[in-house]
Number of protein chains: 2
Amino acid sequence: MILKSQVEWALHCCAILAGLPEGRYLSTKALAELHGLPKEYLSKALQSLSQAGLVHSTLGPSGGYRLARPPAELNFLEIVEAVEGKSRTFVCDNIRANNPCRPKGYCDSSPCAVARIMWEADEAWRQKLRSVTLADLGEILSRETPPAIWKDTFDWVLKRAG
Amino acid sequence: MILKSQVEWALHCCAILAGLPEGRYLSTKALAELHGLPKEYLSKALQSLSQAGLVHSTLGPSGGYRLARPPAELNFLEIVEAVEGKSRTFVCDNIRANNPCRPKGYCDSSPCAVARIMWEADEAWRQKLRSVTLADLGEILSRETPPAIWKDTFDWVLKRAG
DNA sequence: ATATTATGGATATTAAATATCCCTATATCT
DNA sequence: AGATATAGGGATATTTAATATCCATAATAT
Ligand code: SF4
Ligand code: SF4
């Protein structure tokens, strides 16, 4: 059970977009080049973000993406779910229904304990992701990234931002 | 990102084994029949449990599996990891290393913030699963399952236990 | 007008999950 | 001793999901 690589891509792209000045856009091409990713495929991830309403897009030359909201109001869970989907990691195939000791047509009113416990674990995972915003990430990154690289990257991005 | 169906199978099988009297064994055949599962494939899941040391097996007629430890000392995480593996759900492909603004040969000393945050969420998931034992599950199931079904299933299992 | 971009559909490629089959060693029963 | 039932493990097929590319279209800036 491994998350799609698009999750990592989306998170990094959002981290970059979070540093973009108000009103500027950054294209798929620039984001793909910056991260060394296949442009066409990365495009699908960005489209997922767009469909989820997390980023805003614009067409034409100097077009691209920007965040739809301030970084402090965009959390990890939203980004992860946008590309990975909202479905739970544990799917219940209801195998207990096959138990030959159960009367025919017997219908369990509620999901069984196994499923509920697994879903609670899922929820703990979600809760952690919900608690971290892009603003939090930006604060950590700016603290940990060597200033020279940080500045070079910022300049590189600005030069290509529409 | 969805867990293997073998996870559900393993959890249910362990729940049944937890109700088995001391020293008795239950075969793959019986467990497959009880849950309506493909015997050969379920066998792989049970072998994973065996390799992880969670269950003990014995050969020959009247052979099968029993828990290697008391239900109170066997938690969900151990069972899930036995069949699903211990690897984290977020794999870091280190795409930031492709950043053209980074000096050639520059090596990040530690995993970046994105990966660390995702791994913390994984750990929250694990911690929840670690906190629930088979004894906890048995207590819930015995409370929620209609007594008639509970007893029929117990009898059905005992009749087939070696 | 021309160039550049996001979007979405179609399709190919690769990897993983699911499932079955068969052989071997071991234990139980008669 | 011999027949039978079992776990274990290797090989392999089948199905599904992830990864990746390609192309046509509409919108936008210069
Ligand atoms: S007991 Fe729970 S987890 Fe198991 S099959 Fe039924 S609903 Fe699914
Ligand atoms: S920044 Fe973190 S998550 Fe992103 S590529 Fe680097 S290590 Fe992986």
Side-chain angles (χ1 to χ4, degrees), chain A residues 1-10 13 17 23-33 35-66 68 80 82-85 87 89-91 93 95 160-162, chain B residues 1-10 13 17 23-33 35-66 68 80 82-85 87 89-91 93 95 160-162:
Chain A
M1 185 190 58
I2 291 179
L3 288 163
K4 307 195 223 195
S5 52
Q6 286 192 338
V7 170
E8 178 179 7
W9 304 355
C13 288
L17 294 181
R24 310 285 297 272
Y25 289 80
L26 195 60
S27 71
T28 304
K29 186 184 171 195
L31 285 167
E33 192 182 343
H35 294 118
L37 300 173
K39 181 165 84 75
E40 310 285 350
Y41 194 27
L42 172 62
S43 170
K44 300 297 185 188
L46 297 173
Q47 283 175 43
S48 296
L49 294 177
S50 178
Q51 284 172 350
L54 307 186
V55 301
H56 182 254
S57 72
T58 182
L59 285 172
S62 84
Y65 297 94
R66 64 167 170 81
V80 171
V83 300
E84 185 66 40
S87 64
T89 67
F90 182 86
V91 296
D93 286 333
I95 61 174
R160 286 157 180 85
Chain B
M1 186 191 55
I2 291 180
L3 288 162
K4 307 196 222 193
S5 52
Q6 286 192 339
V7 171
E8 179 180 4
W9 303 356
C13 287
L17 293 181
R24 309 285 298 272
Y25 289 81
L26 196 59
S27 71
T28 305
K29 187 184 171 196
L31 285 166
E33 191 182 342
H35 294 119
L37 299 173
K39 181 166 83 77
E40 309 285 351
Y41 194 27
L42 172 62
S43 170
K44 301 296 185 188
L46 296 173
Q47 283 176 41
S48 296
L49 295 177
S50 178
Q51 284 171 349
L54 308 185
V55 300
H56 182 256
S57 72
T58 183
L59 286 172
S62 84
Y65 297 94
R66 65 168 170 79
V80 171
V83 299
E84 186 66 40
S87 64
T89 67
F90 182 87
V91 296
D93 286 334
I95 61 174
R160 286 159 181 83

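Just so it is clear, the values below take in all heavy atoms, side chains as well, and ignore hydrogens, waters and symmetry mates. Each chain gets a letter, A, B and so on, in the order the sequences are listed, and its residues count up from 1.
Residues A/L42 and A/T28 come closest through the heavy atom pair CD2-O, 4.1 Å. Summarising the geometry of A/L17 relative to A/Y65, their closest heavy-atom pair is CD2-O, 3.5 Å, with the distance given to 0.1 Å.
Backbone-only engagement by A/G64 is indicated by non-hydrogen atom pairs under 4.0 Å involving sugar-phosphate atoms exclusively. Contact annotation for B/Y25: no contact, since no heavy-atom pair falls under 4.0 Å across all strands.
The nearest whole Å value for the distance from the CG atom in B/L31 to the P atom in D/dA5 is 18 Å. Rounded to whole Å, the distance from CG on B/L42 to P on C/dC21 is 16 Å. The separation between B/Q47 atom CD and C/dC23 atom P is 17 Å, rounded to whole Å. Distance CG (A/D93) to C1' (C/dA17): 13 Å, rounded to an integer number of Å. Rounded to whole Å, atom C1' of C/dT5 lies 16 Å from atom CZ of A/R66.
In this structure, B/Q51 has no side-chain contact (heavy atoms from CB on, under 4.5 Å) partners at least two apart in sequence or on a different chain. Checked against side-chain contact (heavy atoms from CB on, under 4.5 Å), A/A68 has no partners two or more places apart in sequence or in another chain.
Side-chain N or O atoms of B/E8 include one that pairs as donor or acceptor with a backbone N or O of A/D93 at under 3.5 Å. In terms of modelled atom types and a separation under 3.5 Å, the side chain of A/E84 and the main chain of A/K4 share a donor-acceptor contact. Put simply, the side chain of B/R24 gets close to the backbone of B/A161: a donor and an acceptor are under 3.5 Å apart.
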_Base-contact (B) and sugar-phosphate-only (S) positions in nucleotides 14-22 of chain D, heavy-atom cut-off under 4.0 Å, - elsewhere_ = ----SBBBB
_Each nucleotide in nucleotides 25-30 of chain C should get exactly one letter: B, S or -. Can you fill that in based on protein heavy atoms under 4.0 Å?_
-BBB--
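Minimum atom distance to the side chain of A/K29 is reached by C/dT5, of the listed C/dT5, C/dA6, D/dA7.
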Compile the donor-acceptor pairs under 3.5 Å between side chains in residues 55-64 of chain A and protein atoms, sequence neighbours left out, one pair per line.
unit_1 : atom_1 : unit_2 : atom_2 : d
A/H56  : ND1    : A/Y25  : OH     : 3.0
A/H56  : ND1    : A/R66  : NH2    : 3.4

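Residue pairs meeting the side chain to side chain donor-acceptor pair (under 3.5 Å) criterion with at least one member in residues 38-48 of chain A, sequence neighbours excluded, are A/S43-A/Q47.
The phosphate of D/dG9 (OP1 or OP2) has a side-chain N or O of B/Q51 nearer than 4.0 angstrom. When the side-chain nitrogen and oxygen atoms of B/S50 are compared with OP1 and OP2 of D/dG8, one or more of them lie within a distance under 4.0 Å.
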